Structure formats: structure tokens, C-alpha cells
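None of the values given here were measured: they were computed from a predicted structure. Numbered from 1 within each chain, the chains take letters A, B, ... in sequence-line order.
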Amino acid sequence: MSKSKFDDLKALIVEDNAHMRTLLRGLLGVIGIRDIAEAGNGQAGIGVLRERKCDLVLSDLMMQPMDGIDFTQAVRNSDHSPNPFVPIIMITGHTEKSRVEAARDAGVTEFLAKPVTAHNLFSRIAEIVERPRAFVRCEGYFGPDRRRRQIEDYAGPWRRKEDFQDMDVC
Amino acid sequence: MEKKSAQLIQPDGYPQMMSRQDAAHAMRVLRSAQTSVKAQVVMESFVPAARTGMMAQVAALEAADDIAEISLAAHEIRGLAEPAGLRAAGRITDVLCRYLDETQVQGRAADKAVVQLHVSAILRATHAEDEGRANCDAIVSQLNQLVGRKLAERIA
């Protein structure tokens, strides 16, 4: 196979389970991503991001002392975050609605339920590559636009009195 | 009412993983048959490690003292079972995880007998591979019915 455009990318795996890190490393290697750093928890992940550029992050949710939610919030909102826009795929077996919503509201780019399959992981990466989302900065949130469906020619009905007056498009 | 504003930053306003031209080539790689074959090899090579991790979590499940510990182990097992080739255990664990998640949403205590029934079934399925697969459909169906009845009960 010719050199993939993924070959130039740097990834970070934030996961406390060594076996899972091995699996994710192997799957990223299949598509050509081989420059991969690893961290055993969110705090270590933040440390890695301060030391090296990363183009993609795969993060577990349940970790100690810093879990995937706090890690994502730190990446998105910390003054010291080197790249608050970095794509973050959260991969977890904890798919309760409250956790999915917490991950979304922390600013993850994609959410992937375990068990991990190559198809599911690659489809999340494909979404990031093919359909990058706008980022939203508002009171209490910075991260990918949480509205999945963008209907560009939507013509109403509008629900808020303030619509049309408040959106500053960059 | 105080006006609140939001700033929308379009994709060309922040660093992208790759350019649009590179993205087209990358998508071909992601979707290629060669990638699928290589991925299959990776998944198959992961089976022994997944089993090791699974058995550790099953031991934790068996030793768990409370619902919180059971829930933690069960959710980890759910993520490892299928890669470990223990699909029956994974299906049963999925029923348990959904029951525990729903009881949390409803603000009710999980029925300990129901939880223990699931734990026992998971342990049996983990250690009795072929037999576990043969009985899995019936077991999962019955556990689903039990969970459905329990969740439908009025909270006292």
C-alpha cells in the first residue's frame, strides 16, 4: 500500500488498561498512524500534550486520578492547552446516558462504545477526516458543535426571540 | 432576559488533521479491503490479551463487595468480552449493565438477587465456553424478561 496520509500524523492514547492500549495502537497502525504516545490517565495525557503535538486523541472515560471527562475539559478549556481543537474520540464501556451527555458536554469530538471494533473506530476517524465540525464557544462550553445535523437551508420555525441577533460567525 | 451569544468557528478557522486533498486519499485507505484484512489480523492477535484482561475483571466481579464495584467490573467486561471471543459472557453482561444503568436513571436501588443472578451467569459463561454459547440465547432472553419486569415494578 502506498504511503498513507495518516503516516504523518501523531496520536495519543489515554487509557489505563495496557491491553486496550495495545489494541488501539495496533488498529491505528493498520491505517498508517505509528507515531503514537501513550498515557495511563488523563493527567499524564495532559503532560504528553504539553510536550508534543498531537493530531488525534483516543481517550478512555474511567481513569484515575483524572478521568476522560476532566481530561477533555482540560484540553478544551485550559489556558495552557497547546491545541484546544484536537479531535478527541472517547472510547468506553460506560455508555449510560449521563456519561455520554457528560462526554458530549465536556467537548469530545466522537464517542465510541466498547467493545472496540476496527470498523467502528475507523468510522469515527472517517467522520473527523471527512466531516470536521465547527467549534462553538459560549458560556459554559467550548468544543465541537453539539448539533449533529446541520440543515443549512432551514427556514423555521424559530424558537427564540433572540434568534438572528446573537450568532457571530467566524 | 439577558442575551447570550455564541461564537462559531468553522473548520477552516482552526488546525485540521489533514488537508481536504489528503482527506480524500485517507478515506480510500480507511475503506480499502487491505485495511480490513490487516485490522482483522490485529483483532485476532488481541484475543489472548483480551482474555487476560477479561479474566482479571471477572475475578473483580466475583470479589466485588457492592453494586458500585460490580457495575465498574461489569462495564469493563462488556468492553472486553467480544474481543476475547467470549460473546456469551458479553451478552449477559450487557443485560446487567443496562439494568444497573437504568436503575441509576430511575433513582432506585438495584435488586441484589437480580444482580447476583447475572453475576453467576457471567461466571458460568466465562468458564464454560461451548456450553455457554449453546445456552446463551435462552439465558439472555430470560434475563432480559426478568430485568424488564423489575424495572417496571413501582418504586416502593
| remark: The reported gap from OG1 in A/T92 to CZ in B/R78 (rounded to nearest 0.5 angstrom) is 8.5 Å
| request: Identify which part of A/Y141 has an atom lying under 4.5 Å from any heavy atom of chain B, answering side chain, backbone, both or neither. | output: neither
| request: First locate atom CD of A/E96, then atom CD of B/Q104, and finally report the distance between them rounded to the nearest 0.5 Å. | output: 6.0 Å
| message | More than 12 heavy atoms of other residues, nucleotides or ligands under 6.0 Å from CZ of B/R20: yes or no? | response | no
| Given side chains that start at C-beta, do those of A/M20 and B/L80 come closer than 4.5 Å, heavy atoms only? | yes
| message | I'd like to check A/K5 versus B/V29 (side-chain heavy atoms, cut-off strictly below 4.5 Å). Are they in contact? | response | no
| request: Output the option from A/A118, A/A113, A/S98, A/G26 having the highest count of non-hydrogen pairs under 4.5 Å with chain B. | output: A/G26
| query | Do A/V129 and B/M27 have side chains that get closer than 4.5 Å, going by heavy atoms? | reply | yes
| Interface moiety of A/P132 toward chain B, non-hydrogen atoms closer than 4.5 Å | both
| said: I want to check something: taking the side chain as every heavy atom from C-beta on, are A/N83 and B/Y14 in contact at a cut-off of under 4.5 Å? | reply: no
| message | Is it true that, when you exclude A/K53 itself, more than 12 heavy atoms of the residues, nucleotides or ligands shown sit nearer than 6.0 Å to its NZ? | response | yes
| request: May I ask you to name which of A/I91, A/T95, A/L121 has the most heavy-atom pairs under 4.5 Å with chain B? | output: A/T95
| Does a side-chain N-to-carboxylate-O contact under 4.0 Å join B/R31 and A/E130? | yes
| Distance (rounded to the nearest 0.5 Å) between A/L27 CG and B/M43 CE | 6.0 Å
| Can you tell if the side chain of B/H75 reaches within under 4.5 Å of the side chain of A/M62, non-hydrogen atoms only? | no
| message | Return the CE to CG distance between B/M17 and A/L56, rounded to the nearest 0.5 Å. | response | 4.5 Å
| field | side-chain contact (heavy atoms from CB on, under 4.5 Å) between A/F135 and B/L8, intermediate numbers included | value | CA-CA 6 Å; A/F135 267 62; B/L8 200 62; over 6 Å; no
| message | Keeping A/R137 on the side-chain end and B/Q7 on the backbone end, is there a donor-acceptor pair under 3.5 Å? | response | no
| field | Sub-4.5 Å side-chain heavy-atom contact between A/F142 and B/I9 | value | yes
| query | A/A134 and B/Q10: which non-hydrogen atoms are nearest, and at how many Å? | reply | CB-OE1, 3.7 Å
| Which distance, rounded to the nearest 0.5 Å, do you find between the NE2 of A/H119 and the OG of B/S36? | 9.5 Å
| Got a second to check how far A/T117's OG1 is from B/E82's CD, nearest 0.5 Å? | 8.5 Å
| note | Here the pair of heavy atoms bringing A/K114 nearest to B/G79 is CB-CA, 3.4 Å
| remark: Smallest heavy-atom separation, A/F122 atom then B/A39 atom, equals CE1-CB, 4.0 Å
| task | Pick whichever of B/L72, B/I77, B/L100, B/V42 has the most heavy-atom pairs under 4.5 Å with chain A. | result | B/V42
| Non-hydrogen atoms of chain B under 4.5 Å away: do they reach the side chain of A/V86, the backbone, both or neither? | neither
